Every structure is written in C-alpha cells, then in structure tokens.
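Working notes, structure below.
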Number of protein chains: 2
Amino acid sequence: MNLKELAHKLGISQTTVSRALNGYPEVSEATRRKVREAAEVHNYRPSLRAKSLATGRSMAIAHVVPVSSKHEMVNPIFADFIAGAGEEYARAGYELLLSVVADSDHDRMYRDLVTRKAVDGLVVQAPTLTDNRIPLLADLGIPFVVHGRSSGVVSAYNWLDVNNRRAFERATGLLLDLGHRRIALLNGLATLDFAHRRSDGYKRALLERSITIDPELIAHDEMTENYGYEVARRMLAQPNPPTAFLVSSIIPAIGVRRAITDAGLEFGREVSIVIHDDDLSYFRNAGDVPLFTAVRSSVREAGQRAAAMLLEIIRRREEGIADEAPMQILMEAELTIGQSTGPRALSRARAQN
Amino acid sequence: MNLKELAHKLGISQTTVSRALNGYPEVSEATRRKVREAAEVHNYRPSLRAKSLATGRSMAIAHVVPVSSKHEMVNPIFADFIAGAGEEYARAGYELLLSVVADSDHDRMYRDLVTRKAVDGLVVQAPTLTDNRIPLLADLGIPFVVHGRSSGVVSAYNWLDVNNRRAFERATGLLLDLGHRRIALLNGLATLDFAHRRSDGYKRALLERSITIDPELIAHDEMTENYGYEVARRMLAQPNPPTAFLVSSIIPAIGVRRAITDAGLEFGREVSIVIHDDDLSYFRNAGDVPLFTAVRSSVREAGQRAAAMLLEIIRRREEGIADEAPMQILMEAELTIGQSTGPRALSRARAQN
DNA sequence: GATGAATATCAAAGCGCTTTGAAAATTCAA
DNA sequence: TTGAATTTTCAAAGCGCTTTGATATTCATC
C-alpha cells in the first residue's frame, strides 16, 4: 500500500493525504480523521526511502565504532553507549546506522556516509590525541558530536565528555590520602585522548605531593580483563610493588583483582584499587558497599545526552538558526567508596608478615 | 555533485554515466574510463536514498537488539556478534541498521522496518521459547535469519545456532567424569530458548548417570557478573553445597570465581567451573592453559556467518531462485580444559580440612 | 448579492537515481 | 557501397514521497 493507492482509495489527492498524515494545519479535521483511519486500516507507512529523497533528510544518524586494527576487538562499553543513544533516536523517529570499521578506514567511511547522503548527523567515538576526523567532518559540513575530546584539535566542535582529568586527580588524591605512595595506573590505549587526560590527572595529583612519577607503574593498552591481570601480576612481582592500582575500567580491574588474590594478597587491604566505572549494565559495581571504589560516570547517560545534543544541532540547522557557539557538555564523575580501598599502613603491616 | 551535474560536465547522458559506474557491459571502455576518472576527481558518490528508491533495494540490514525491559540492560555479547556481522555487510556494501528496543516493542519495530521498506533483511536476536517474531517476519515476507532457534515454532526458517544441548551435555559429562555429583547450573534468562537447550543438555547428562536433578542448583537470570556472584555465594552457603558450577557465560563465571575465593575456597581445586565461552574480545579465555575450562564457540564468527547467510538469501531471492529449503547452520562448540576444573575427590578432601 | 479573505483541496514538479525502449554510431558481410 | 547486425548512446519514464503554486470552496463583511 503506497500513498497513491491510499489516496485513490479515499478519493482524495495525494497532497491532502500526505498533509493529513504529517499534521499540517491546512486540512480539515474531518478529512484528517478519515485519512488517519484508512491509513491505520490498510497499515500504511510512508516509504522511508521515498520520504528521505523528497525531504532531503534521511532521518538517520551514524555511529562509526572503531575496531582495534591490531586485535580486532570491539569495546563492550559501546553497547551501553549505543543503547543510550538509540533510546533517544527512537524517541525522535531517527534510525541508527552502525559501522564497525578498522581505525584506518574511518576517514573513508565518514566521507562515504556524508557524500552518499546516508545520514543527517554523526557521532565520533573514541577520539585520538589529534583526531583528523574532526576537521574532516567540519569540512564536510555535516552536524556531528564527539564523545570525548581531541586535545590536538584547535577549532571548536561539539562534544560531550567526562571530566577525566579531575576524576583521576581525585581518585589519585584519595589513594594518597590513604597513605599510598606507589600507585599504578592501568590506562587505556595510549593513542586515545581520554587516556592522556587521565594520565594528566594522575600525574598532577602525584606532583602536587612531590611524588616522583615512576613510568614502570604506568601501562597503556586495550582495556581487557587479561590486560589487567597480566600487568598487575607483573607489577606485583617487582621488588618494590605498587600498593594501589588506579584502573581505567571495571573490566581490567577484574583482572587486577584476580592477580592480587593469585599473589596471595588481600584485595582492598594489602592492595587497593580505584576504578573508573562506566556503569556498564552487565558489570554493575553496585550494592550497599560496592566492590570497587570508583569514580563513576554512566556511559549510557553519555550516549543519551550525546544523541540529544546531536538532534538539537540538526534541529537548529534545519530551522535556520545561525550557528552559534558549539555545544559542549562536561560531565563530572562521582566518587563512591567501595570495598577495594584501605589505608596503606595496614597493607604494609600485612605484607611484612 | 550529483549524477546530472557530472553527466553535464562530461557532455554525456546520465544513462551512460550511470551504466559506466555500475559496470554494465553496454558502454565502451574509453567512456567508462573517462567517467570513472571524472567521478573520482569530483568525488562523486551516488545518493543512497535516490539509489534505493530507484532500485527498490535499500542495501541495509536491520539488527534489533533486545534491551531487557526489567533491567534496561544490553548484553555485551551483541557487540562482538555485530562486529562479525558488520564486517560481512561492509564487504558486500550493505549498511547495518541497529535498533535497541525493549522486548515488548519488537513486533511493532519489525513491522515498521518492513512496511517502511527501511531494510532488505533482518537478523533476529535472542529468540524466546516460542518467538512470535518468526511467524511475523515469515508472514511479512522479508528475508531474515535467526541467531538461535525457537523450539515452539514449527514452521521452517533460516537459523544459525550453536549446538547448546550437546555442548552442555559434554560439559556436564566432564564434571561427572571428574567425580562431581552436586553440579550447579547458572543459566541465562528462562524466557530465552538457548537457556532451555542448555538445561536439557545438563539434565540429560545427569539423568544418564541416574543423578536426580536438584532444582535448588539451577538458576536463571540475566548473565551479569553480579548474578554469578550472588547465586554462587548463596549456593556455597547451603548445607550441601555444589562442588562444581556450569556457567552460561564468562561474565557471570567471573562472579562465581569471586564468590568461591570470597568463601575461602580454592578455585579449580575445591570448586570447579566450566563455562560456555563466547570468545568475547574483551574477555579472552586464552593462554596456554586458559583460566576457565570451557565449551567455546565464537559469537563473532556466528555474527559473520549469520550475515553471510542472510546476504545469500537476499541474493537468491533477487535472482529469482525458487525458495528452496531454509538455510540452517549448527555450529559445534569445542571443549578446552583450563585451570578451573579438577577432580572432586581432592576438593572433598580439602573441604574437610 | 457582491467582494475579499480565509480555508480546503488539487495537479504537477521535483528529489537523484535506474532502466526501458528508441535512436545514433559503428562494424561487418555481401 | 549498401544494408543488416552490432555496439554505443540517449531521452524519458518511473520509484513514492513532499511541496509549490493554483484552484475551488466556505465564510464573514459591506
């Protein structure tokens, strides 16, 4: 059933049917009701393709999720981010186009999506230190929002980010307050911008207390469980092992915990952990006293808000509202104390048994 | 730059340009080359919307991923499944449309996607025991592939599944061979079909050895880390605790492991675990001797093969090849021994210390 | 009852591509 | 050299919708 047939069936022009269904005012309530009923009865839905060709809008947003070219991995936190964004898109009648693409092909992918007019807007995930996707998209002139920031990009753009520096500065501060001096940082991939902001926060807190930074205690990699395990195991076997770990995600933190217990040490007593908690739905760090002490920021909420921001940008552009200052949201992480942290005094005492 | 402009620029008709770019034979090599070059220079890409309207194909596949309505969770294994499928789609020039929708809205979503002609095919995820999406899609007459099966659906349909029954029968058999008699099963949501097949395999293995099934040792829920932890903790505190756990995913298994060590028991010695391993990229159960003994089947490969199957079905339909028997692939899981299993004799001896 | 404004409907053009059926250009055989 | 066969190109129709500009209808006003 298409528009033509429906109009014919009703003995009304296509114009009127189209207007009736799209809520235009220049159609009488009587006909509007008749049209609505007929559409319902015959289960009529306008063809998306025809509609988007006619309107010039495709009512779709693309998320290009990077797949690590080395390891062919796709980060599970995207699942929650996309769930949040998808919710918002569904509400507004947008579709979500997902491309899983090796980092190296991102440029071509974005260019393609834009020049083929596949989508009305884009979300950029996991920006690197100087991410050339940002100038590229700005150049292509399509609305986009970055989840995170790219320190090396000077031009202004729309982004939504967590205050990673502050979060990690606070987390480090907490461990310092507990007396820890050898604090390991298990960070994400060194190419990613957020990892640098986290390092910055960590280092700033240490330097403020005049503690020299030991590069041996800093690791960068894909945030898998196994990475957490292997690095923690190695570090704990050192002559002067860390008494605390700051871990960029709950997933490697699970590995760190495993390494701690494997080494016969007591988690949260002899060795402390603070994590960045994305509030992943399958890894809720919940409970009265959650397992991990954490700086928490829901990635699902980030997805939802990034999507809302993008839709707002698109709306404004369509209404011809002049491009004002770019939209930028900085979310603060909240610190919650769990079972994974304790004073260093105790841990040293125990370790000396 | 659109087709008309490009054709005008070349002083050639749109027809010829279109044919040249789409590789039709009725165009001379000389003009084809000229057209290709010009397209390259002016960065011309045909508009997806116009193309799909003209051809009737939208070159897109939808995956509707269920979000648990109770808990608003989205399963991280979809990330890997979709990565596998996305790879295949990209290769064939298809887009992936992702809808994250509460179970209750699936019907409407599917109906919408089809009647609005948004996609050429669909993948059905996480089928329930008698999943009404299958007859619905068959009725709508659109190509689709089910990841998993639905026991209550009698009509034939295209699916790709792991032999869950066999896998769990083997896994249970292994634990029985090791002398375990109290074996707990931590399954997925009871509404999902795969959970029943796994239960079946488990029960069959027990009954074959005349071991009565203790419903107290069977749990069903969303496969989170916390679920594994809580259930295992409760079971281990029982008067007659299990000596082994069969766990439906590596994620709750991590929780089970936590409960075991929390209880002061030795993982892999006093209490054994066998998992179903989806080979998730961020939770690789790898190494010379992997952490968990597992029946493994890569969900990423499943995604890739399901996508390939769907594209083949679409291809056949387009070429007017008569609808033959539906396509069905049953993948066998492979059993690998890890550090998480040991004989019961030892575990009992230890437990009695 | 005539006039103008407001309201309701319509026919037709256009979105950017593919594809059909016809025409033009080229090749080949006689 | 000519006519048929073949190859190459083209103009125009059509995909299913929205939207423009025009027309028909209703209503209030003088």
Side-chain angles (χ1 to χ4, degrees), chain A residues 1-36 38-39 42-60 93 95 112-120 318 320, chain B residues 1-36 38-39 42-60 93 95 112-120 318 320:
Chain A
M1 173 67 53
N2 61 20
L3 184 61
K4 193 157 145 192
E5 291 164 16
L6 184 64
H8 185 79
K9 196 152 269 174
L10 282 162
I12 289 180
S13 79
Q14 295 187 41
T15 312
T16 306
V17 175
S18 172
R19 299 209 128 126
L21 291 174
N22 289 317
Y24 281 67
E26 55 273 72
V27 56
S28 74
E29 274 315 311
T31 38
R32 191 191 301 280
R33 198 170 42 250
K34 239 187 315 181
V35 171
R36 283 236 174 93
H42 298 93
N43 191 33
Y44 167 77
R45 304 283 153 87
S47 150
L48 223 48
R49 339 196 239 238
K51 190 165 186 155
S52 64
L53 182 57
T55 57
R57 286 171 282 137
S58 56
M59 296 303 282
E95 310 287 340
D112 251 45
L113 285 169
V114 175
T115 59
R116 310 185 70 192
K117 295 191 182 18
V119 294
D120 298 333
E318 260 161 19
Chain B
M1 173 68 53
N2 61 21
L3 184 60
K4 193 156 145 191
E5 291 164 17
L6 184 63
H8 184 79
K9 197 152 269 174
L10 282 162
I12 288 183
S13 79
Q14 294 187 40
T15 312
T16 306
V17 176
S18 171
R19 297 210 131 126
L21 291 175
N22 289 317
Y24 281 67
E26 54 272 73
V27 54
S28 73
E29 273 315 313
T31 39
R32 191 192 300 280
R33 198 170 41 250
K34 239 188 315 182
V35 170
R36 283 236 175 92
H42 298 93
N43 192 32
Y44 167 76
R45 304 283 151 87
S47 150
L48 224 47
R49 339 197 240 238
K51 189 164 188 159
S52 63
L53 182 57
T55 58
R57 286 172 282 137
S58 55
M59 297 303 283
E95 309 287 340
D112 250 46
L113 285 169
V114 175
T115 60
R116 309 186 71 191
K117 296 194 181 20
V119 294
D120 299 332
E318 259 161 22

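Proteins come first, then strands; the chains are lettered A, B, ... in the order of their sequence lines, and each starts at number 1. Since we're looking at a predicted model, the values are computed, not measured.
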So does S18(B) get a side-chain nitrogen or oxygen closer than 4.0 Å to the phosphate oxygens (OP1/OP2) of dT18(C)? yes
Just to confirm, is there a sub-4.0 Å distance from OP1 or OP2 of dT18(D) to any side-chain nitrogen or oxygen of K51(A)? yes
[X] side chain to [Y] backbone, donor-acceptor under 3.5 Å:
X	Y	result
D120(B)	R57(B)	no
H8(B)	K4(B)	no
R49(A)	G56(B)	yes
R45(B)	R116(A)	no

Closest to the 5' end of DNA chain D, once A54(B) and T15(B) are matched to their nearest nucleotides, is T15(B)
DNA chain D: A50(B) or S28(B), which has the more 5' nearest nucleotide? S28(B)
For the pair made of [atom1] in [X] and [atom2] in [N], what is the distance, rounded to whole Å?
X	N	atom1	atom2	answer
R49(A)	dG14(D)	CZ	P	19 Å
N2(B)	dC17(C)	CG	P	5 Å
E26(A)	dT18(D)	CD	C1'	12 Å
L6(B)	dG16(C)	CG	P	14 Å
I12(B)	dA11(D)	CD1	C1'	15 Å

Nearest to the side chain of R19(B) - dG21(C), dG16(D), dT18(D)? dG21(C)
The answer to which of N22(B) and S13(A) contacts DNA chain C further toward the 5' end, by nearest nucleotide, is S13(A)
Hey, which sits more toward the 5' end of DNA chain C by its nearest nucleotide, Y24(B) or L53(B)? L53(B)
Look at all strands and tell whether S52(B) reaches a base, only sugar-phosphate, or nothing, counting heavy atoms closer than 4.0 Å. nothing
